[in-house]
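Computed from a predicted model, the values in this text were never measured in an experiment. Just so we're on the same page: letters track the sequence lines, and every chain starts at 1. Because only heavy atoms are used, hydrogens play no part in the values below, and waters and symmetry mates are left out as well, while side chains stay in.
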Amino acid sequence: MSRARLFTLQIGVAFVFIAAWHVCAQYPVFGEVKNFRFFFSAPDDVGLRIWKFFATGMIWRHLWITLTETILAFVIGAVGGVVIGFWFARQPRVAAVFDPYVKMANALPRVVLAPIFMLWFGLGIWSKVALGVTLVFFIVFFNVYQGVKEVSPTVLANARMLGMNERQLLRHVYWPSALSWMFSSLHTSVGFALVGAVVGEYLGSAAGLGYVIHEAEGTFDVTGVFAGMVVLAFFVLAIDYLVTLAENRLLAWRPPAAGQG
Amino acid sequence: MAFTNAVASGRASSLSGVAVALEDVSVVFGSGADSYCAVETIDLNVRDGEFVAIVGPTGCGKSTLLNVVAGLLAPARGRALVRGRQVAGVDADAGYLFQQDALMPWKTALDNVSVALEVAGVARAEARERARAWLARVGLARFTARYPHQLSGGQRKRVALAQVLIRNPAILLMDEPFGPLDAQTRGLMGDLLLKLWSDDRKAVLFVTHDLEEAIALSDRVVVMAAGPGSRIVAEHAIDLPRPRETSEIRLEPRFHALQRAIWSDLRAEVMKAYGDQFGE
């Protein structure tokens with residue numbers, strides 16, 4: 001399928017969906033229009049609301065807060081995951097001792113931690129960052145651990161034969177291998193950082209996209225909820241795009257994975 | 001035991017420098033009832049400047065011997081000496097060319113070669129300059145910026161060869177280095193190896209399952225028995241003239257005579273190994 005044709009079809013799907021939504025919001029297809037609009041709003045209303053978000057400039061502050069929380073959660077979680085993952089992989093005894101606790105902590109649904117983080121860190125950004133960190137940490141941790149453990153034995157033996165000492169092995173072999181595993185999970189971990197931020201905001205805050213959606217929901221303002229969701233979706237797409245750019249730069253040495261463009 | 005030692009003893013003077021010596025080496029894997037003896041009581045010398053090929057059936061412990069010389073594996077009994085020094089731990093004097101891809105996939109060809117010098121304390125700029133020169137010597141001047149996955153199997157072997165040789169190791173250990181390559185590339189790599197080797201004639205221990213390759217490259221072919229508990233069953237001196245062109249030398253009558261002689265020793269072992277794998 002050509003690029004142009006694919007793009008046309010993709011636009012077509014959105015068009016059909018929005019058109020159907022519009023028709024239902026204008027004509028009594030499913031009972032009264034008023035009822036439908038209460039539950040599902042209408043595409044033009046949602047569009048208008050989004051335009052207002054940006055025209056009044058109120059959304060920028062919320063986007064900025066959510067972005068800050070996401071970045072902080074990612075950076076702190078990733079650094080922690082890399083350090084601990086490295087340490088555990090190089091010290092099997094430490095890893096064995098902590099193994100049940102790591103599993104336990106990872107098994108816990110992170111949302112239940114949100115109230116305790118609110119209690120500890122207050123309603124500001126740090127309780128959201130903490131929630132994101134607990135999500136990002138484990139993804140990065142497991143990937144780095146794996147990356148260090150699964151260095152090709154031949155590459156390792158070769159590096160030893162080239163005269164590398166432990167420190168040099170760390171720098172030239174273990175570290176790049178671990179980083180490559182971490183970067184391969186970049187999409188997932190950045191996504192989880194954002195999930196942590198938004199869920200945290202949703203559960204209690206005074207700013208951020210999660211807050212915008214939660215507030216609209218509290219007043220049965222379905223238009224506001226949908227508008228917030230659309231902004232959130234595009235926000236995620238934009239971040240994902242940036243991650244892809246970073247990934248292409250950082251993993252240039254990797255062969256293109258089978259099945260992926 | 002049928003012992004068909006055909007070493008031309010004229011050059012085998014014990015006074016000449018011995019680069020590698022294996023003395024009564026046995027290697028055992030595992031312990032207790034599950035233990036498995038890979039090689040048994042191996043005695044083998046490689047003289048300075050000598051190119052020795054080891055052939056034998058699959059799984060006879062050829063690579064095990066190399067790993068003992070490299071210091072990657074400690075023998076259960078006996079000892080390995082490199083230039084008179086007993087091998088303990090990874091041997092810095094040895095250059096090892098592996099069968100599988102051993103390049104660091106996250107480094108470019110240039111970085112893969114220059115890192116071999118950098119870890120030895122050579123300044124980065126100088127290391128890169130010399131790495132560039134070595135890549136040119138192996139015919140990869142235009143490919144310095146490529147990552148291993150962007151190179152063909154033969155090109156990757158050339159990078160690996162440059163990576164090993166740039167350190168100027170005293171001895172070269174090669175574990176079926178050209179095994180994964182197609183026949184033509186293998187021939188070209190053999191010629192390249194001989195050309196580089198003839199510049200400074202390091203002692204080489206070359207493991208292969210390809211008898212023709214062994215004869216074409218080496219001064220002496222050592223035949224190992226089928227495992228477990230593999231021993232050396234025969235040695236043959238290869239008196240073909242140098243310099244050699246691997247594709248040309250194969251056509252010589254002397255080559256065929258040697259091939260027939262060595263194959264008669266090797267055949268029995270191959271059949272034994274085959275029989276062990278597939279029943280009676």
Are there more than 12 heavy atoms of other residues, nucleotides or ligands under 6.0 Å from atom CD of Gln10(A)?
-> yes
So do Lys107(B) and His172(A) actually touch side chain to side chain, heavy atoms under 4.5 Å?
-> yes
Mind ranking Ala116(B), Gly95(B), Pro105(B), Ala160(B) by heavy-atom pairs under 4.5 Å with chain A and telling me who comes out on top?
-> Pro105(B)
Do other residues, nucleotides or ligands put more than 12 heavy atoms under 6.0 Å from Arg171(A) CZ?
-> no
How about Trp253(A): does its CH2 atom have over 12 heavy atoms from other parts shown lying under 6.0 Å from it?
-> yes
Considering all heavy atoms of both residues, which atom of Val119(B) and which atom of Gln168(A) are nearest to each other, and what is their separation?
-> O-NE2, 3.0 Å
For chain B, the option from Ser152(A), Ser177(A), Gly163(A) that forms the most heavy-atom pairs under 4.5 Å = Ser177(A)
Check: Arg167(B) side chain, Met161(A) main-chain N or O, donor-acceptor pair, under 3.5 Å = yes
Could you check Val115(B) against Met164(A) for side-chain contact (heavy atoms from CB on, under 4.5 Å), going step by step and ending with a plain yes or no?
-> CA-CA 9 Å; Val115(B) 77; Met164(A) 289 194 196; 4.1 Å; yes
Any chance you could measure Thr154(A), atom OG1, to Gln99(B), atom CD, to the nearest 0.5 Å?
-> 9.0 Å
Minimum heavy-atom distance between Val155(A) and Asp101(B), given as atom pair plus value | CG2-O, 4.2 Å
Heavy-atom distance under 4.5 Å between the side chains of Trp106(B) and Leu250(A), does that happen here?
-> no
For Phe192(A), does the CZ atom have more than 12 heavy-atom neighbours from other residues, nucleotides or ligands under 6.0 Å away?
-> no
Rounded distance [0.5 Å steps], CG in Asn158(A) versus CG in Leu103(B) = 7.0 Å
Considering only heavy atoms, which portion of Phe98(B) lies under 4.5 Å from any heavy atom of chain A: side chain, backbone, both, or neither?
-> side chain
